[in-house]
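Below, all heavy atoms of this structure are taken into account, side chains as well, without hydrogens, waters or symmetry copies.
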Amino acid sequence: MTHSHLAALALALLAFPIPARAGIVFGPVRGKPGESVRLVTHSETKGATIEKTVFGKTSRGTIEVIRDRELIWTFREPSADGTRRGMVRVPKLSTSSKTVIEGKPASLNDPSPLTGKMFSMTKAPKGDWTFELDGSVPLNKVRAEIEEMKIYLKRDWYPAREIKLGDSWEFDPAWVKAIIERDLEKAKTIGTMSLRQIRSSAEQQMAVIDVAIHSTGADLRSDGSETSATIELTGQVTVNLGTMLDESLTLKGTIITGTDKGTESTKMTLPITLKATKSFVRDTALP
């Protein structure tokens, strides 16, 4: 076999998944100086149904919800006392919905007041992340979006130990819940991950991780109404082992929510797709 044939064979073998004999250890994201992380998420429902009953009379319809987020995160060197610092820019943060009940359509387009904003964030060594808004946006109007950002920053999906192919572990999918359905905040949720394979090429190695999320719960509110919700989602996340950036997350499944208040009840069944991508960028909008 000639040298050219050997080289071609080596490149072909690199394109196929190979086992991680010694296992891998996930670590912090390793970006280059001046780089920011661009996070884009898109979640949508297709074929969703809603059923509402009032005094024994039931009406049915369809519902579509689309949530789009684009955030650019930039982290600075920690202060001398260990305080972590950074900036977040929000090119887009919006939710839109369309419902048709008994043939009557209704639409809502709800861009967040944070769209187009940029603000700083800090975290003391023993504290939580805080965001410094410029005062142009009342905090009570964006409290849910700020909480979603805090949940993202506190993500801790991967164990510190060495992981080998086939290993599974639990993780907290609070950030996923915050993106797709705020009413699920009190639901008991179980998330599991499993290392499926390591994809190797001449340029990089990618960890492919299977993801499953199951959530169920009910909540009795002060007005006497009872809400319930369940989630069943499966998908994959890919992590670049050179940079430790989770470059893509895809999830598909179903959310079922219900509200019951005496003579009135509502049930929604929402097939959902969630896609999230991350990439390194140089954010020219930063001061």
For this session: Keeping to residues at least two apart or across chains, list the ring pair (Phe, Tyr, Trp, His ring centres under 6.0 Å) pairs with something in residues 43-72.
Result: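 Counting only pairs at least two positions apart or across chains, no ring pair (Phe, Tyr, Trp, His ring centres under 6.0 Å) contact touches residues 43-72.
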For this session: Would you please name every residue forming a side-chain contact (heavy atoms from CB on, under 4.5 Å) with T62, sequence neighbours left out?
Result: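 Partners of T62 by the side-chain contact (heavy atoms from CB on, under 4.5 Å) criterion, ordered by chain and then number, come out as V100.
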Taking only residues at least two apart or on different chains, which pairs with a member in [range] satisfy salt bridge (Lys or Arg N to Asp or Glu O under 4.0 Å)?
range            : result
residues 51-64   : E51-R60, K52-E264
residues 248-257 : none
residues 28-43   : R38-E70

Give a yes or no answer on whether the side chain of [X] reaches the backbone of [Y] with a donor-acceptor pair at less than 3.5 Å.
X    : Y    : answer
T45  : V65  : yes
T115 : L93  : yes
S79  : D81  : no
W169 : W157 : yes

For this session: Check whether any side-chain heavy atom of V90 sits under 4.5 Å from a side-chain heavy atom of M149, and report yes or no.
Result: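 Contact flag for V90/M149 side chains = yes.
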Exercise. Given side chains that start at C-beta, do those of L133 and V142 come closer than 4.5 Å, heavy atoms only?
Worked result: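 A side-chain contact under 4.5 Å exists here.
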Please report the shortest heavy-atom distance between [X] and [Y], naming the atom on each side.
X    : Y    : answer
I101 : S59  : CG2-OG, 3.8 Å
L195 : A207 : CD1-CB, 4.0 Å
S107 : K98  : OG-CG, 3.8 Å
S215 : K177 : OG-CD, 4.4 Å

Exercise. Hey, are T122 and T130 close enough side-chain-wise for a donor-acceptor pair under 3.5 Å?
Worked result: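 Side-chain D/A pair, T130 to T122: present.
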Exercise. Between L153 and V40, is there a shared hydrophobic cluster once you connect ILVMFWY residues whose side-chain heavy atoms come closer than 4.5 Å?
Worked result: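 Looking at the clustering, V40 is in a separate group from L153.
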Problem set entry | ILVMFWY cluster, F171 and I24 together (side-chain gap under 4.5 Å) |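 Same hydrophobic cluster.
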For this session: In sequence, state the C-alpha distance, the side-chain angles, and the governing distance for T58 and T53, and then conclude on side chain to side chain donor-acceptor pair (under 3.5 Å).
Result: CA-CA 4 Å; T58 300; T53 301; 2.9 Å; yes
For this session: Among residues two or more places apart or on two chains, list those pairs meeting side chain to side chain donor-acceptor pair (under 3.5 Å) that have a residue in residues 232-246.
Result: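 Listed once each, the pairs are R155-D246, Q204-N240, D210-Q236, H214-E232, T238-S248, N240-E247, D246-K278.
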